[in-house]
Protein chains: 2
Amino acid sequence: MTQLELAREGKISPQMTLVAEDEGVEAEFVRRGVAEGTIVIPANIKHKNLVPCGIGQGLKTKVNANIGTSSDFGDIDTEQEKLKVAAESGADTVMDLSTGGDISAIRRAIIAASTLPIGTVPVYQAGIEAIAHHNAIVKMTVEELFSAIEEHARDGVDFMTVHCGVTRAAVDRLRQQGRVADVVSRGGAFLIGWMLHNDCENPLYENYDRLLEIAKEFDVTLSLGDGMRPGCLADATDQAQIEELLAIGELVNRARQAGVQAMVEGPGHLPLNHIEANVKLEKAICKGAPFYVLGPLVTDIAAGYDHITGAIGGAIAAAAGADFLCYVTPAEHLSLPDPEDVRQGVIASRIAAHAADIVKGVKGAAEQDRKMAIARKKLDWKEQARLSLDPALARQVHGKHASSGSACSMCGQFCAMELVEKYLNITAIKC
Amino acid sequence: MTQLELAREGKISPQMTLVAEDEGVEAEFVRRGVAEGTIVIPANIKHKNLVPCGIGQGLKTKVNANIGTSSDFGDIDTEQEKLKVAAESGADTVMDLSTGGDISAIRRAIIAASTLPIGTVPVYQAGIEAIAHHNAIVKMTVEELFSAIEEHARDGVDFMTVHCGVTRAAVDRLRQQGRVADVVSRGGAFLIGWMLHNDCENPLYENYDRLLEIAKEFDVTLSLGDGMRPGCLADATDQAQIEELLAIGELVNRARQAGVQAMVEGPGHLPLNHIEANVKLEKAICKGAPFYVLGPLVTDIAAGYDHITGAIGGAIAAAAGADFLCYVTPAEHLSLPDPEDVRQGVIASRIAAHAADIVKGVKGAAEQDRKMAIARKKLDWKEQARLSLDPALARQVHGKHASSGSACSMCGQFCAMELVEKYLNITAIKC
C-alpha cells in the first residue's frame, strides 16, 4: 500500500512517524495531510536507505537540488560530489537530471548513496535512447517511454516529474497566443516535439492510468511537471500555462483516487507581483496539492546571480503557500553547475524557505532567529556562527578582518549593542 | 535656493533636467515630484563634480552602497577602491560611514573622487571626537555636534543621516516595552547614550531648526535616520519603531516648510509579511516622502549571505513602494566589508531594485527582460552577456563549462529552445 492508501485507512506508517518527529508535529497531523493529499512523503518502496521527508501544508518548506550530467559533461564522480555537497548544505531532496554518460548507472549510484529522496525525469532518458535507437526523439515509442518510467520506479526513484498536463489543448493555446520564449522545459519540449511530429495527444496524458499503476506499485510520488512554464517574465501566467494547470488539476484528482501521491510543479519566470496569484491558483485548482516551484525567478537579466533572483521569488512563493522550492544555482542559464554552484544554490533556497517558514508560523522557525538575536546582543560569536545557516562561512568572514575589541570590525569600538547596553541599563537601575 | 524651493517656484533646475533625461521622463514630472516632496535630488551646492540622481516616486529604485573605515581598519586607499567598485557595479549613491583614521580627510577625498551623491552620518564623527576630547561620547556638546554637521555640509555631503526622531518618547517606549536586541543603529545608540546620561531631549530634535538652516544653506538632503530600527525579527514593527516614525513624519513636514529636501530611513530586520505594511505606513505618515530601507533582512540567521536576505526584503519593499535600497553585503554582522563584498552587495540590491521596477512599471524596466528573453531564444550568447547585470561574470560562467553545441552545457544537445523551435515552426508552416 502507498502512504496515501495507508493514511486513508487511518494507519500511521513508520515514514509518517519519522516525518512528524523531524517536524515536531503530531503523527496524526501528518497522516491527515497525506490522506487529504496536502502532504506527500516521496518514499519508493525500493529506496532502502531513505530517510523520509514530508512536503506540504503545515510542514517546513523544503528545498530540492538538481544535479546530473549533460551531453557535454558526463562524469559520475562529479555527480556523486554534487550529491554530497547538496546533502551537506541542507537540501531536503535531490533530482538527478542526467542526460549524459551512463544515465542508468548514474541514477542507481545516486539512489544507493542517498538518504534523501531522489527525483528524476524519465522522459529525458526515453528521449535520449530514442535518438540512439531511432535517430530522433520524435521516433520514441509509447512502450519505450513507459519502459523508462518503469525502470526508474524499479530503481527506487522517490518522485518523478511527468509532464502529463502538456495536452494538445495547451499546445494549441501556445500557438494561438504566441510567446517570447516558447517552451523552456526540456521534458515539455521533448513531448511537444513528439506530439506535433506524430500528430498525437501527449502519451503521458493519454496513458495516465498506466502511469498511475506503476506509481502505485512502487509508491512513486508523481510530480506533475509544468512543461508550459514561462521561460521569461513576458510569458508569465499566460493561457498555455493555465490551460496546463487545469489539466494538472484533473490529474491530481485522478492520482488521489488511485491512491497515488501527487504534487504539482510551478513556474519558472514570474514578475514579483504574479507570484502570490500563481500559488493561490495552484492551491485552488489542484485542491491543496503540494506546490513545487522552480525559483520563481523575478527577473531575466541576472545571469550569474540567479540563485538570488530565485531566492527572492522562492521566499515570496513559499510565504504565499508554496511547499517545495527547487533551487536555482549561479550557473543557471549559463552552464552546467559545479559542486560550488550546488552549495550556493542550496543555501540561497534555504534562506528563502526559512524566511517564509517564519511567516507561515512553522514550528520552531522564528525561535531560531530569536536565539540568533540574543547571541548577537551578547556579542557571542561562537554561538552566532553555530546558529548560522553556514557556520563555517560565518566563522571565516568574521575572522577575515578581526576586531581588536569584543565587537566585530564593522563597528569596532563603536558598537551600538555595547553602547546601549551600558547606558540603557545604568539608567534603568537609577530609575 | 534648494531644489525644493526652485521646484516650488515652478523652475526646472539643470539637476532636474539631468534626472529626467536619465530616467526617460518629463522634466516637469521631476519638478512636480521635488515640489511635492515625493522626489529628492541630493545635490550639495559644494559637490562640484556631482552627476545628480533623483530618488522617489515614479523613478527607478535606487541603490546605496555603504563604505568607510572602522576603528579597526582605517586605510584611505581601501575606501577609494570600494568607492570605485561601488560605482562600477552600478550603485546610485555611496555613504561614507568612516569611524576610523582621519575621518575628515577620507570624506573629502571620497567627495572629490565621486560623481555619485555622497551621504554621511555626522554624529559618528562628533561622537568619536568627543571621546578624543572629553573621553566619552556622552560628554559631546551640542555645539560640537552641530559643528560636525556644518563641516560635513560645507565639504559637499549630498545627504546626511540625522537621527532626529529618537526622542525621549521613543526611548520611553523602548524601555517600557523591552526588546530582544535593543538598539542596533550606531547613530541612534550614540544619541540614546547621550540623552540618558545627560537627561536631555535629543539635540537633533530639540535644535531641528538649526539643522534645517544648515541643510538649506548647502541644499543637503536630510535622511531622517531610524535609530530605533529593529535589529532582529523579534523586535520588528514595535512601539519604539513606530513612535520614532511619528516624530519623523512631523519632521518631514517641517523640512518641507523650510524648503529642505527630506527622505526617511526604514528597517532593518523585518519578517517578510511586515514589509509591505512598513512601506505603506511610512508613505502615509510621512506624506509620500521617499523611503530609504536598510535591507530589509527577512531572517536573522543567514550571516555570510545577508546580501541575499537583503535582496529578498529589498525587492518586496521596493515593489510595495520603497524608493531607495541600502545594500547589505555578505560581511554584514560579521566584519567590515572589503571591495569584493561591496560588489556582491551592490549587485544583489540592483537585482532587487530591478525586479521591483518591473512591477512598479518603471519606464524601460520590463523591456530589458524582454530583450534578454529574445536573446535567450536565439541562443545569442554575446547579446545575453551584454544584457546581463554583470556581463563579465555572465561570460565567465558560460565559458567555464563550454558546450560543444550552440546551447549551453546545462542541456547540451537537448536544449528545449532548439527542440521546440524546430517542431513548433515546422508544424506551424504545415498548417
Side-chain angles (χ1 to χ4, degrees), chain A residues 70-72 99 180-184 186 189 193 196 232-234 271-273 298-304 308-309 311-312 315 319 331 334-336 348 351 354-355 358-359 368-370 372-373 377 387-390 393-394 397-398 400-401 403 408-410 412-414 416 419-420 423 427, chain B residues 70-72 99 180-184 186 189 193 196 232-234 271-273 298-304 308-309 311-312 315 319 331 334-336 348 351 354-355 358-359 368-370 372-373 377 387-390 393-394 397-398 400-401 403 408-410 412-414 416 419-420 423 427:
Chain A
S70 74
S71 60
D72 289 314
T99 56
V180 176
D182 289 335
V183 172
V184 297
R186 268 187 294 181
L196 290 170
C232 65
L233 265 57
L272 197 146
N273 61 351
V298 293
T299 170
D300 302 328
I301 67 164
I308 298 179
T309 63
I312 295 171
L334 295 170
S335 79
L336 196 69
I351 291 170
H354 180 71
I358 291 165
V359 309
Q368 283 181 259
D369 291 59
R370 176 179 283 270
M372 176 64 96
K377 176 75 189 155
L387 291 166
S388 295
L389 277 180
D390 186 348
L393 182 77
V397 178
H398 180 61
K400 192 169 62 169
H401 301 300
S403 174
C408 84
S409 58
M410 169 77 101
Q413 322 166 11
F414 311 112
L419 276 166
V420 167
Y423 290 101
T427 322
Chain B
S70 74
S71 59
D72 289 314
T99 56
V180 175
D182 288 337
V183 172
V184 297
R186 267 188 295 182
L196 290 170
C232 66
L233 266 58
L272 197 148
N273 62 350
V298 294
T299 171
D300 303 328
I301 66 164
I308 298 179
T309 62
I312 296 171
L334 294 170
S335 80
L336 196 68
I351 291 170
H354 179 71
I358 291 165
V359 308
Q368 283 180 258
D369 291 58
R370 177 179 283 270
M372 176 64 96
K377 176 76 189 154
L387 292 166
S388 295
L389 278 179
D390 185 348
L393 182 77
V397 178
H398 179 61
K400 193 169 60 169
H401 301 301
S403 174
C408 84
S409 58
M410 169 78 100
Q413 322 166 11
F414 311 112
L419 276 168
V420 167
Y423 290 101
T427 324

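Remember, predicted model here, so these are calculated numbers, not experimental data. Lettering follows sequence order; numbering is per chain, from 1.
Only the side chain of B:M372 comes within less than 4.5 Å of a heavy atom in chain A; its backbone stays farther off. In this structure, the portion of B:H354 lying under 4.5 Å from any heavy atom of chain A is its side chain and not its backbone. Interface residue B:L387: only backbone heavy atoms are found under 4.5 Å from chain A. Residue contact with chain A, scored on non-hydrogen atoms closer than 4.5 Å, involves the backbone and the side chain of B:A311 alike.
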So A:R370 and B:V180, side chain to side chain contact (heavy atoms under 4.5 Å, CB included) or not? Walk me through it. CA-CA 8 Å; A:R370 176 179 283 270; B:V180 175; 3.4 Å; yes
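Chosen from A:P271, A:C408, A:G412, the residue pairing most often with chain B at heavy-atom distances under 4.5 Å is A:C408. The greatest number of non-hydrogen atom pairs below 4.5 Å with chain B, out of A:A331, A:A348, A:A373, is found for A:A373. If you tally non-hydrogen atom pairs under 4.5 Å between each of B:D300, B:V184, B:T299, B:N273 and chain A, the highest count goes to B:D300. Of all the listed residues (A:A416, A:A189, A:A355), the one sharing the greatest number of non-hydrogen pairs under 4.5 Å with chain B is A:A416. For the options B:V298, B:L393, B:V183, heavy-atom pairs under 4.5 Å to chain A are most numerous at B:V183. Among B:C232, B:S70, B:A319, the residue making the largest number of heavy-atom pairs under 4.5 Å with chain A is B:S70.
Between the side chain of B:S388 and the backbone N or O of B:A394, no donor-acceptor pair lies under 3.5 Å. B:S409 places a side-chain N or O within 3.5 Å of a backbone atom of A:L336 that can act as its donor or acceptor partner.
Taken from CE in B:M410 to CG in A:D72, the straight-line distance is 12.0 Å, to the nearest 0.5 Å. Atoms CD1 and CG, on A:I308 and B:L389 in that order, are 10.0 Å from each other to the nearest 0.5 Å.
Inter-residue side-chain proximity for A:V397 and B:S335 is flagged as met; some heavy-atom pair is nearer than 4.5 Å. Between A:L272 and B:I358 the shortest side-chain heavy-atom distance does not fall below 4.5 Å.
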